[in-house]
S.K.: 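Let me give you the structure first, and then I'll get to my questions.
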Amino acid sequence: MGKLTTHILDTASGKPAAGVRINVWFERSGVWVDLGAVITNADGRCDAPLLQGAAFTAGRYRLVFHVGPYFRTQGPEKPSPAFLEDVPIEFGVVDASTHYHVPLLVTPWSYSTYRGS
């Protein structure tokens, strides 16, 4: 059964990013449809897959990681406006019967992602 998962690592502190809201979007006929939102747990992960089974289909997805509020609660005061407020990651799913893991490695000033397992 295919599924979509994620996690967030705050690479500035070397710790998981807990309490970050993530919105999940799917492109349907050229229009982005909001599939809902989740909040990361203490391990920077979601308690369940973002999508799985019949809810996870081939197509274009967007995850929007709302990191601004998280970084405002971490350590020294950050500049306002924040350099990164929201991090959108758009990606394609070809085979929805497999596991797509899309992690976010983030600092207040940079981010990277990859397709994990």
Side-chain angles (χ1 to χ4, degrees):
M1 175 171 62
K3 62 184 174 180
L4 174 61
T5 60
T6 190
H7 78 271
I8 307 173
L9 179 62
D10 173 352
T11 54
S13 70
K15 298 178 182 177
V20 176
R21 183 170 53 96
I22 305 166
N23 282 84
V24 182
W25 298 80
F26 181 74
E27 186 181 32
R28 188 171 293 131
S29 302
V31 175
W32 286 101
V33 177
D34 188 350
L35 300 180
V38 296
I39 305 289
T40 57
N41 62 24
D43 196 32
R45 298 178 182 275
C46 303
D47 291 330
L50 301 173
L51 297 167
Q52 64 182 342
F56 185 48
T57 60
R60 300 277 320 149
Y61 288 86
R62 178 188 295 152
L63 299 180
V64 180
F65 298 83
H66 302 279
V67 297
Y70 165 78
F71 281 119
R72 283 191 284 281
T73 68
Q74 305 300 304
E77 188 174 322
K78 305 296 186 285
S80 183
F83 183 70
L84 294 176
E85 187 68 29
D86 299 322
V87 175
I89 299 175
E90 292 184 14
F91 57 95
V93 170
V94 175
D95 182 1
S97 70
T98 63
H99 182 189
Y100 279 73
H101 184 68
V102 183
L104 177 67
L105 309 176
V106 66
T107 78
W109 308 277
S110 65
Y111 66 91
S112 65
T113 190
Y114 57 93
R115 181 178 175 195
S117 59

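Note that the structure is a prediction, hence the values are computed from the model and not measured. Count residues from 1 along the sequence.
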S.K.: Using the rule that two of Ile, Leu, Val, Met, Phe, Trp, Tyr join whenever any of their side-chain heavy atoms come within less than 4.5 Å, decide whether V93 and V64 are in one cluster.
M.R.: no

S.K.: Atom OG1 of T40 and atom CG of D47: how far apart are they, to the nearest 0.5 Å?
M.R.: 9.5 Å

S.K.: Under a single-linkage definition using a 4.5 Å side-chain heavy-atom cutoff for Ile, Leu, Val, Met, Phe, Trp and Tyr, are Y111 and F71 assigned to the same hydrophobic cluster?
M.R.: yes

S.K.: With heavy-atom distances below 4.5 Å as the criterion, would you say the side chains of H7 and C46 are in contact?
M.R.: no

S.K.: Take E27 and R62, measure what side chain to side chain contact (heavy atoms under 4.5 Å, CB included) needs, and give me the verdict at the end.
M.R.: CA-CA 8 Å; E27 186 181 32; R62 178 188 295 152; over 6 Å; no

S.K.: State plainly whether one hydrophobic cluster holds both L104 and L35, where clusters connect Ile, Leu, Val, Met, Phe, Trp and Tyr through side-chain heavy atoms under 4.5 angstrom apart.
M.R.: yes

S.K.: Would you check if there is a donor-acceptor pair between the side chains of D95 and T98 at a distance under 3.5 Å?
M.R.: no

S.K.: Looking only at heavy atoms, what is the nearest atom pair of P69 and E85, with distance?
M.R.: CD-OE2, 3.6 Å

S.K.: Can you get from W25 to L51 by hopping between Ile, Leu, Val, Met, Phe, Trp and Tyr side chains that sit under 4.5 Å apart?
M.R.: no

S.K.: For T6 and V102, indicate whether the former's side chain and the latter's backbone hold a donor-acceptor pair under 3.5 Å.
M.R.: yes

S.K.: What's the spacing between F91 CZ and I89 CD1 if we round to 0.5 Å?
M.R.: 8.0 Å

S.K.: Working to the nearest 0.5 Å, report the span between CZ of F26 and CZ of R60.
M.R.: 10.5 Å

S.K.: Heavy atoms only: give me the nearest P16-G44 pair and the separation to one decimal.
M.R.: CB-N, 3.5 Å

S.K.: Can you tell me how far the CD1 atom of I39 sits from the OH atom of Y70, to the nearest 0.5 Å?
M.R.: 13.5 Å

S.K.: Just how far is it from atom CG of L50 to atom CG of L4, taken to the nearest 0.5 Å?
M.R.: 4.5 Å

S.K.: Determine yes or no for a side-chain-to-main-chain donor-acceptor pair under 3.5 angstrom, with Y100 supplying the side chain and G2 the backbone.
M.R.: no

S.K.: Which pair of heavy atoms, one from K15 and one from L9, lies closest together, and at what distance?
M.R.: O-CD1, 3.2 Å

S.K.: Would Y61 and V31 show up in the same hydrophobic cluster when neighbours are defined by side-chain heavy atoms closer than 4.5 Å?
M.R.: no

S.K.: Do F65 and I8 have side chains that get closer than 4.5 Å, going by heavy atoms?
M.R.: yes

S.K.: Determine whether L63 and V24 make a side-chain contact, defined as any pair of heavy atoms from C-beta on separated by less than 4.5 Å.
M.R.: yes

S.K.: When rounded to the nearest 0.5 angstrom, what is the spacing between OG in S110 and CG in L84?
M.R.: 7.5 Å

S.K.: Show the numbers, then the answer: is there a side chain to side chain contact (heavy atoms under 4.5 Å, CB included) between V87 and T113?
M.R.: CA-CA 11 Å; V87 175; T113 190; over 6 Å; no

S.K.: Taking only residues two or more places apart in sequence or in another chain, which ones pass side chain to side chain contact (heavy atoms under 4.5 Å, CB included) with W109?
M.R.: F83, T107

S.K.: Which pair of non-hydrogen atoms, one from A42 and one from A18, has the smallest distance, and what is that distance?
M.R.: CA-CB, 3.8 Å

S.K.: Take H101 and S117 through the test side-chain hydrogen bond (donor to acceptor under 3.5 Å, both in side chains) and record every step on the way to the result.
M.R.: CA-CA 5 Å; H101 184 68; S117 59; over 6 Å; no

S.K.: Donor-acceptor pair, distance only, cut-off 3.5 Å: does the side chain of D43 make one with the backbone of R45?
M.R.: no

S.K.: For D34, what residues pass the salt bridge (Lys or Arg N to Asp or Glu O under 4.0 Å) criterion, not counting sequence neighbours?
M.R.: none

